[in-house]
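This report refers to the structure that appears directly beneath it.
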Amino acid sequence: MSASFERGINAFKEVIDAPVASFFSSCVHCGLCAETCLFYTETGDPQYAPIRKLEPLRRTWFQEYTLLGRLAKLAGLSKPVTDEELAAWSPLVYDSCSMCGRCSMVCPVGNDLTLMIRKMREGMAADGHAPEGLITATTRAVTSGSPAGVKWVTVQAQTTPMKPPTAASRSALPTSRANSSAASSRRPRNSRSSA
Amino acid sequence: MNGLELLTWARGPGLALALGICVFGVILRSVEILALGRKPDLAPARAVTPGSGWRTIFSRSLPPPGMLRRAPLTYLGGYVFHLGFAVTLFFFVPHIELIRGVLGLSWPGLPNSLIDAATIAAILAMIALLIGRLVDPVKRLLSGGGDWLAWALTFAPLATGYAAYHHWFENYALTLALHILSIELLLALLPFTKLFHVVSLFMARWYNGDIAGRKGVAT
């Protein structure tokens with residue numbers, strides 16, 4: 001078990017509280033959450049059923065926090081959550097959920113699936129299974145203060161007033177001048193009156 | 001052991017055993033859930049909405065606008081089955097007599113013809129829901145052993161009860177014994193299967209409404 005995977009599973013265990021346990025206990029797999037999920041309604045692909053996106057978190061709950069699940073684990077009957085599985089689930093938990101909350105609003109047993117997705121992301125991030133772009137943006141935010149990685153040079157370039165163009169620089173940019181004059185000549189003469 | 005002996009066991013020690021496991025299991029599972037507790041939410045609540053959780057317990061029993069049309073089988077099948085099952089369970093005169101014997105509580109029953117109709121409606125709804133589960137790609141993907149087990153555990157008492165009432169089989173004592181045993185199996189396994197939603201859904205709905213209420217969402 002890698003250190004990051006252990007961190008991820010520990011984060012899963014930490015985010016499971018009484019509401020989450022009651023939600024997983026109540027699900028009867030009626031599939032109504034899928035009927036509201038835009039990722040399912042637009043694609044028709046059943047893997048986007050919201051409750052399915054939570055499967056690794058559900059198994060962690062069952063194996064750690066129920067007597068039956070613990071007994072099954074002791075007897076070697078349960079399927080443990082693996083690092084590879086979490087990697088495979090990353091597109092479902094991040095890219096296929098906008099946290100819009102539709103599923104949480106229609107679930108007939110009252111499961112707040114959106115909350116559980118948010119909680120599951122905590123474990124996924126701890127295990128390093130957040131999307132690459134999100135990880136680098138976070139790292140940049142921590143190291144430089146800017147998620148976009150903006151440095152002083154960039155700020156300076158923007159705040160320093162540009163020098164007025166010299167004759168030499170003018171002749172070096174013939175196309176841009178030509179374009180701008182063309183654009184101004186294309187402007188309709190009556191554009192003011194229509195405003 | 002013949003039918004009559006089995007019936008005697010089912011009515012006596014069997015029932016006591018099943019009820020004991022059921023009560024123990026419900027307490028165990030409820031403690032398993034509630035003991036996990038909740039971390040204090042350090043953010044101030046956006047709105048003070050007392051009773052938001054309690055209202056959600058009731059409001060979630062109705063389909064949200066547009067959903068009935070989107071998933072008619074799930075909703076209508078669900079309603080017909082649950083209501084038919086409840087009517088049969090609580091308003092069939094022999095059932096009321098049994099409850100009176102155990103708890104001392106009783107209420108007026110419904111005519112047998114109505115109970116018969118409710119049972120048939122519940123059985124047909126269950127068959128329709130089973131077919132729906134087998135055919136619908138989402139439900140098929142989600143369903144596992146626990147879902148089929150829950151269906152079978154619920155269907156058995158309805159089917160055996162119907163068979164016993166209509167004397168489908170010559171050995172009435174055996175049919176009735178099987179009916180009672182199927183109920184006892186249902187009771188004993190209820191806390192440890194998906195059937196536990198009959199208890200936990202009240203917690204889940206309450207939490208959902210409470211969480212939404214804190215965010216300032218009307219329920």
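As a basis for the values below, the full set of heavy atoms in this structure was taken, side chains included, without hydrogen atoms, waters or symmetry mates. No experiment lies behind these values; they were computed from the predicted model shown. Just so it is clear: chains get the letters A, B, ... in the order the sequence lines come, proteins before strands, and each one is counted from 1.
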(message) Heavy-atom pairs under 4.5 Å with chain B - which of A:C107, A:P108, A:P19, A:G101 has more of them than the others?
(response) A:P19
(request) Can you label the angle between the B:W151 ring and the B:F155 ring as parallel, tilted or perpendicular, going by 30° and 60°? (result) parallel
(request) Examine whether an atom of B:P64 lies under 4.5 Å from a heavy atom of chain A, and if so say whether it belongs to the side chain, the backbone or both; otherwise answer neither. (result) side chain
(request) Could you have a look at A:S25, A:A34, A:G31, A:C27 and say which one has the most heavy-atom pairs with chain B under 4.5 angstrom? (result) A:S25
(message) Taking side chain as everything from C-beta outward and backbone as N, CA, C, O, which of these in B:I57 sits under 4.5 Å from a heavy atom of chain A? Side chain, backbone, both or neither.
(response) neither
(request) Measure distances from B:M67 to the heavy atoms of chain A and classify the residue's part below 4.5 Å as side chain, backbone, both or neither. (result) side chain
(request) Heavy-atom pairs under 4.5 Å with chain B are the metric here; pick the option from A:L68, A:V106, A:D112 that has the most. (result) A:V106
(message) Closer than 4.0 angstrom, basic N to acidic O: yes or no for A:K119 and A:E122?
(response) no
(message) Regarding A:R59 and A:E85, does a basic nitrogen lie under 4.0 Å from an acidic carboxylate oxygen?
(response) yes
(message) Can you classify the ring geometry of B:F91 versus B:W107 as parallel (below 30°), tilted (30 to 60°) or perpendicular (above 60°)?
(response) perpendicular
(request) Is it possible for you to check whether B:R29 lies under 6.0 Å from the centre of the six-membered ring of B:F196, through NZ or CZ, and within 45° of that ring's axis? (result) yes
(message) Is any side-chain heavy atom of A:L115 closer than 4.5 Å to one of A:S104?
(response) no
(message) I'd like to know if A:D127 and A:R7 make a salt bridge, using a cut-off of under 4.0 Å between side-chain N and carboxylate O.
(response) no
(message) At a 4.5 Å cut-off on heavy atoms, which part of A:Y40 comes close to chain B: side chain, backbone, both, or neither?
(response) side chain
(message) Which atoms of B:R140 are under 4.5 Å from chain A, going by heavy atoms: the side chain, the backbone, both sets, or neither?
(response) neither
(request) Below 4.5 Å from any heavy atom of chain A, which atoms of B:Y75 appear? Answer side chain, backbone, both or neither. (result) side chain
